[in-house]
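These notes concern the structure reproduced below.
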Amino acid sequence: MIDSSVPTVPHLVETVQGPIDYDRLGITDAHNHMWIDTVPGSDPGAPVLNQFEPILKDLIEYREKGGGALLDCQPVGCGRNGNQLLALSKASGVHIIACTGFHRKKYYSPDYWLWKADAQEICEALYSELALGLSETLETGSPFKAGFIKIAIEAAWADCPLAALEGAAAAARNSRTLLELHTEKGALAEKACIYFIDQGVVPNQLVLCHMDKRPDFGLQKELARLGVLLEYDTFYRPKYKPAENLWPLLEHMVAAGLSDGIALATDMAESELYHFIGGGAGLGSLPGEIQEQLHQKGIPENDRKNMLGGNITRRLAGLN
């Protein structure tokens, strides 16, 4: 039987600079990537984000436009560098919340330990990063804890690492930590919810990522009413046709009274999306252009605040 527990303090969120009250975080990007080291042996197309100064400029622009915090969704072993996250947070004044967990197999070296481990070992590894600190920070003199768990679900259940799912479920269940799930364009959202709820994870611990890539209003409505948080992030990805899919879905959900089930993000894992690297919209687009579009579309202020950070920060603090 897997059992781990992480003491939690109500209202506090673990950031790379230590715990902070959730209501001080402000606008919070619910899914992003601020640093990705090169991983030898991983997929040749795996993203790399390792240019400190331009990334810092994007973070400063994010803060200047009103952004307060971001969730970094790069888990251990596939390019995460907690020490760089800490340096970026200190230099920019932006609160960064790091994760433990695992990504898709293709982002790791072929011999990565997790794919051969059992559920107990995986649970213990995640627990350690939640309770003691990110592995790469433990010997630095400035260790800090992961603030949530982020894992990846493949497009087919048979391709998912079942021991890793079980280990993550146990770590989330016993620590009461938020569990973000990468989905492949929303695939397996229903099955994943059933699986983790059956494993004892409560719905308001679950965040389903990239769900605007599957703009099925009926499905999204039921998931939100279940208590799951739906993350939307294709604002600057033309191939997903945000004007036709994301924005109408978002407006339908708000009109249905379900803004408390949505978290907005920009998921800028690719360097071309960064303003000061690739000339893209940049991290500042969430508190800037996206917030302004929400206002122009007549979305009420309370709904905007919920979707731009209130929902995700309350859940990080264990309050929803």
Side-chain angles (χ1 to χ4, degrees), residues 13-20 25 28-43 45-64 67-104 107-109 112 114 125-126 128-152 180 182 233 265-278 280-286 316:
V13 174
E14 288 288 347
T15 78
V16 299
Q17 295 196 65
I20 185 172
L25 293 175
T28 299
D29 190 310
H31 185 118
N32 228 307
H33 301 265
M34 273 131 278
W35 192 273
I36 307 175
D37 280 326
T38 300
V39 180
S42 66
D43 187 287
V48 175
L49 280 170
N50 60 3
Q51 301 178 57
F52 188 92
E53 290 302 326
I55 293 171
L56 175 59
K57 287 181 180 179
D58 255 78
L59 281 165
I60 291 172
E61 184 174 68
Y62 178 79
R63 177 176 53 78
E64 289 175 344
L70 304 97
L71 278 70
D72 183 82
C73 288
Q74 200 69 21
V76 59
C78 60
R80 187 191 72 188
N81 189 324
N83 297 308
Q84 293 287 14
L85 294 179
L86 178 58
L88 286 166
S89 179
K90 286 181 174 179
S92 67
V94 175
H95 298 290
I96 296 175
I97 301 133
C99 70
T100 188
F102 59 89
H103 210 329
R104 301 182 68 194
Y107 295 128
Y108 294 84
S109 62
Y112 188 62
L114 184 137
L126 302 188
S128 176
E129 294 208 314
L130 292 166
L132 302 177
L134 273 60
S135 57
E136 67 268 30
T137 71
L138 293 177
E139 304 300 326
T140 65
S142 301
F144 58 84
K145 301 173 185 178
F148 67 108
I149 303 168
K150 185 277 181 83
I151 67 171
E180 282 210 18
H182 163 94
D233 57 34
T266 54
D267 186 24
M268 295 189 172
E270 294 85 9
S271 60
E272 58 266 24
L273 292 170
Y274 267 70
H275 187 181
F276 293 97
I277 301 176
L283 298 176
S285 59
L286 186 73
L316 283 166

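Predicted model only: the values in this text are computed from it and were never measured.
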Evaluate the side-chain proximity of Y112 to V76: yes if any heavy-atom separation is below 4.5 Å, no if none is. yes
For L71 and L316, what are the C-alpha separation, side-chain angles and deciding distance, and is it a side-chain contact (heavy atoms from CB on, under 4.5 Å)? CA-CA 10 Å; L71 278 70; L316 283 166; 3.9 Å; yes
With side chains defined as the heavy atoms from C-beta onward, is the minimum distance between Y108 and H103 less than 4.5 Å? yes
Side-chain heavy-atom pair M34, Y274 within 4.5 angstrom cut-off: yes
Would you give the length of the straight line joining atom CG of L134 to atom CZ of F144, rounded to the nearest 0.5 angstrom? 5.0 Å
C73/F148 under side-chain contact (heavy atoms from CB on, under 4.5 Å): CA gap, chis, key distance, verdict: CA-CA 9 Å; C73 288; F148 67 108; 3.9 Å; yes
Are I55 and W35 side-chain neighbours, meaning at least one heavy-atom pair lies under 4.5 Å? yes
I need the E64 CD to I60 CD1 distance, nearest 0.5 Å. 6.5 Å
Heavy-atom donor-acceptor pair, S42 side chain to S109 backbone, under 3.5 Å: no
E136 backbone acceptor or donor facing R80 side chain under 3.5 Å: no
Is a side-chain donor or acceptor of Y62 paired with a backbone partner of D29 at a separation under 3.5 angstrom? yes
From S285 OG over to L283 CG, what is the distance, rounded to the nearest 0.5 angstrom? 7.5 Å
Working to the nearest 0.5 Å, report the span between CG of L85 and CD1 of I96. 5.5 Å
Where the side chain of E272 meets the backbone of G280, is there a donor-acceptor pair that is under 3.5 Å apart? no
Tell me, do L86 and T137 make a side-chain contact under 4.5 Å, heavy atoms counted? no
Min side-chain heavy-atom separation L130-I149 under 4.5 Å: yes
Determine whether a donor-acceptor pair (N or O, by modelled atom type, separation under 3.5 Å) exists between the side chain of D58 and the backbone of G282. no
Please examine the side chains of H33 and P47, heavy atoms only from C-beta on, and report whether any two atoms are closer than 4.5 Å. no
Value for OH (Y107) from CD (Q74), rounded to nearest 0.5 Å, stands at 8.5 Å
Only one of T266, D267, D233 passes side-chain contact (heavy atoms from CB on, under 4.5 Å) with N32; say which it is. T266
A281 versus M268, closest heavy-atom pair with distance: CB-CE, 4.2 Å
Is any side-chain heavy atom of L49 closer than 4.5 Å to one of I277? yes
Nearest 0.5 angstrom please: I151 CD1 to C99 SG, how far? 11.0 Å
Answer yes or no: is there a donor N or O on one side and an acceptor on the other, between the side chain of T15 and the main chain of Q17, under 3.5 Å? yes
